[in-house]
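Take a look at the structure set out below.
Please read these numbers as outputs of a predicted model, since none were measured by experiment.
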Amino acid sequence: MERRNFLASALGAGTLAAVASGRASAAPRDPVVPDGAADRRYMLDLLAKMATPVLGPMSQGRLQASWKPELSPTWDGRNPRVGYLEAFGRLIAGLAPWLALPDDATPEGKLRATLRDQALASYAHSVDPSSPDYLLWNDAPQALVDSAYFTNALMRAPGLWKALDKATQQRIVTEIKGVRRFSPPYTNWLLFAAMNEAFLLWAGEDWDPVRIDLAVRKVNEWYVGDGWYADGPHFHFDHYGSYVIHPMLVEILEVLVATKAKFNSLDAPVLLEQAVKRMQRYGEHLERLVGTDGGYAPIGRSLTYRTAVFQPLGLLAWRKKLPASLPEGQIRGATLAAQRAVFRFPTNFDERGYLTIGFTGHLPKLGDWYSNAGSMYLTSLSLMALGLPAGDSYWTDPALAWTTKKAFAGEAFPKDYYVDY
């Protein structure tokens, strides 16, 4: 009841009723929605629905006592407490752009202020060894993965870092340096190690340039063309370019450029320009993968991360770097159609409001051996466009039909060609 009263005051009774009943997740799949304000309300409802059950209890140090994340049927037996670091780290990375917006007196602003306060308290609990919600930093290599989302969020919302007390800041630095004990395999995991070092550089702490140098060089060696990277020496046809590779490579290079770090022969400004162009090209493919009804290709590993596949489009939109081929109204239309296609199924959330293992609803057999309910919070990365304020053109431009919708309506649409950058 406490949660319902909070959302009612923050969002308004009508929006609360939609969140609570699932009606906000049950919009028709097919039509282009012409109202950007309605699109924003829908995405904000998703954010509140994902964030409140995690940040509310964790801000009070009682998340681990009150929630036991669901485990995949093929769970590999590792300590299930890894799920709490996954849930918080992944959730906060998706929320960070929105939390970085300035305060205001609107219902959305009041919700943001509350969730920001809860996020700050949760950060404090996460690294306090005396807290019941101290996270599992030193038991399993999975900590390397989710520490990178945990630190990425602080760079996406610098105000969070500045608002933390000095003791919590130092504890975070200590834990992030501590996960160096885990050696990443030669896969996208190299970027997790590099992201943590980029955070330490950004925060003015001692950092290891070798981990960044190795990740940037290897990922670029694994580029296979036309906007796609292999995940290691072999190509995988999956969505890890969205979950990890494109966004993390770009954001690591952004830190190198912003700090003017000089430590080897890497030309960070040139590499950043190249990485953004490749992500833009990859974004063109993502947009074309969205079907007429908002469905998109269910390929590869970790499908249970749901709409996290659209993280590159959200990041490009937030950075105002969408290419001319992807107008904002078109990307908003495609992204919101995909979210509605997935979240129209009420069993995406359990009876207590936590995300379930699945894709379009609760489908636990889709879970991988490393999947738990905490892992599912990577889907929050599809909410990044909320970092653009309500008056931004992303929200005020009319929604446009995306490529596949045009193609199967008999309308003209652009041809598509390979690029060589």
Heavy-atom distance under 4.5 Å between the side chains of [X] and [Y], does that happen here?
X	Y	result
E205	Q169	no
W207	W202	no
W137	S147	yes
W318	L388	yes
P80	K68	no
E86	V82	yes
L326	Q280	no
V127	L135	no

Distance only, no hydrogens: is a donor on one side chain within 3.5 Å (strictly under) of an acceptor on the other, for [X] and [Y]?
X	Y	value
E175	Y134	yes
D133	S131	no
D117	T114	no
Y282	S242	yes
T307	Q339	no

**OP:** Kindly assign one of parallel, tilted or perpendicular to the pair H246 and Y229, based on the angle between their ring planes and the thresholds 30° and 60°.
**Re:**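 Perpendicular, since the angle between the ring planes exceeds 60°.
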**OP:** Using the six-membered ring wherever Trp is involved, compare the ring planes of F192 and Y149 and label them parallel, tilted or perpendicular (cut-offs 30° and 60°).
**Re:**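 Correct class here is tilted.
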**OP:** Please step through salt bridge (charged side-chain N to carboxylate O under 4.0 Å, His left out) for the pair E411 and K405, ending with a clear verdict.
**Re:** CA-CA 9 Å; E411 299 176 11; K405 195 171 183 69; over 6 Å; no
Under 4.0 Å between a side-chain nitrogen and a carboxylate oxygen: does that hold for [X] and [Y]?
X	Y	result
D39	R340	yes
R217	E221	no
R78	D139	no
E108	R41	no
D146	R90	yes
D416	R281	yes
E254	R156	no

Is a side-chain N or O of [X] found less than 3.5 angstrom from the main chain of [Y], in a donor-acceptor match?
X	Y	result
T404	V290	yes
R181	G178	yes
Q330	L400	no
E70	I357	yes
Y377	V54	no
T360	V342	no
D226	V419	yes
S66	R62	yes
Y394	K320	no
R116	L99	yes

Hey, could you give me the [atom1]/[atom2] distance between [X] and [Y], rounded to the nearest 0.5 Å?
X	Y	atom1	atom2	value
L289	I299	CG	CD1	6.5 Å
L200	I176	CG	CD1	7.0 Å
R211	L190	CZ	CG	10.5 Å
W67	L63	CH2	CG	6.0 Å
L191	I212	CG	CD1	10.5 Å
D76	N372	CG	CG	10.0 Å

Original post:
Could you go step by step and tell me if D238 and Y243 meet the side-chain contact (heavy atoms from CB on, under 4.5 Å) rule?
Top reply: CA-CA 10 Å; D238 58 28; Y243 303 151; over 6 Å; no
How close do [X] and [Y] get, counting heavy atoms only, and between which atoms?
X	Y	result
K321	V276	CD-CG1, 4.1 Å
T347	G361	OG1-CA, 3.3 Å
M384	P97	O-CB, 3.8 Å
Y240	S302	OH-OG, 2.5 Å
T335	S382	CG2-O, 4.4 Å
P184	A193	CG-CB, 4.1 Å

Subject >> Within 6.0 Å of CZ in F408, more than 12 heavy atoms from elsewhere >> reply: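 Open: at most 12 neighbouring heavy atoms sit under 6.0 Å from CZ of F408.
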**OP:** Give a yes or no on whether Q170 atom CD has more than 12 heavy-atom contacts from other residues, nucleotides or ligands under 6.0 Å away.
**Re:**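 More than 12 within 6.0 Å, yes.
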**OP:** Validate the cation-pi geometry between K406 and F413: distance from NZ or CZ to the six-membered ring centre under 6.0 Å, angle to the ring axis within 45°.
**Re:**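 Checked: cation-pi criterion not met.
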Subject >> side-chain contact (heavy atoms from CB on, under 4.5 Å) between I331 and F310, worked out >> reply: CA-CA 10 Å; I331 291 307; F310 299 105; over 6 Å; no
**OP:** Would you please test M248 and V219 for side-chain contact (heavy atoms from CB on, under 4.5 Å) and show each step?
**Re:** CA-CA 11 Å; M248 286 205 173; V219 170; over 6 Å; no
Subject >> Identified side chain to side chain contact (heavy atoms under 4.5 Å, CB included) counterpart of M279 within the set L313, V250, L249 >> reply: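 The residue from L313, V250, L249 that satisfies side chain to side chain contact (heavy atoms under 4.5 Å, CB included) with M279 turns out to be V250.
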Centroid-centroid under 6.0 Å between [X] and [Y] rings:
X	Y	answer
F345	H362	no
Y296	F359	yes
Y123	F88	yes

**OP:** Please collect all side chain to side chain donor-acceptor pair (under 3.5 Å) contacts where either partner lies in residues 185-194, sequence neighbours excluded, each pair once.
**Re:**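 Applying side chain to side chain donor-acceptor pair (under 3.5 Å) to every pair that reaches into residues 185-194, excluding sequence neighbours, yields N188-D231.
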**OP:** Please lay out, stage by stage, how S59 and S122 fare under the test side-chain hydrogen bond (donor to acceptor under 3.5 Å, both in side chains).
**Re:** CA-CA 4 Å; S59 67; S122 297; 5.1 Å; no
Original post:
Can M43 and R332 be said to form a side-chain contact (heavy atoms from CB on, under 4.5 Å), step by step?
Top reply: CA-CA 11 Å; M43 197 180 288; R332 192 185 84 232; over 6 Å; no
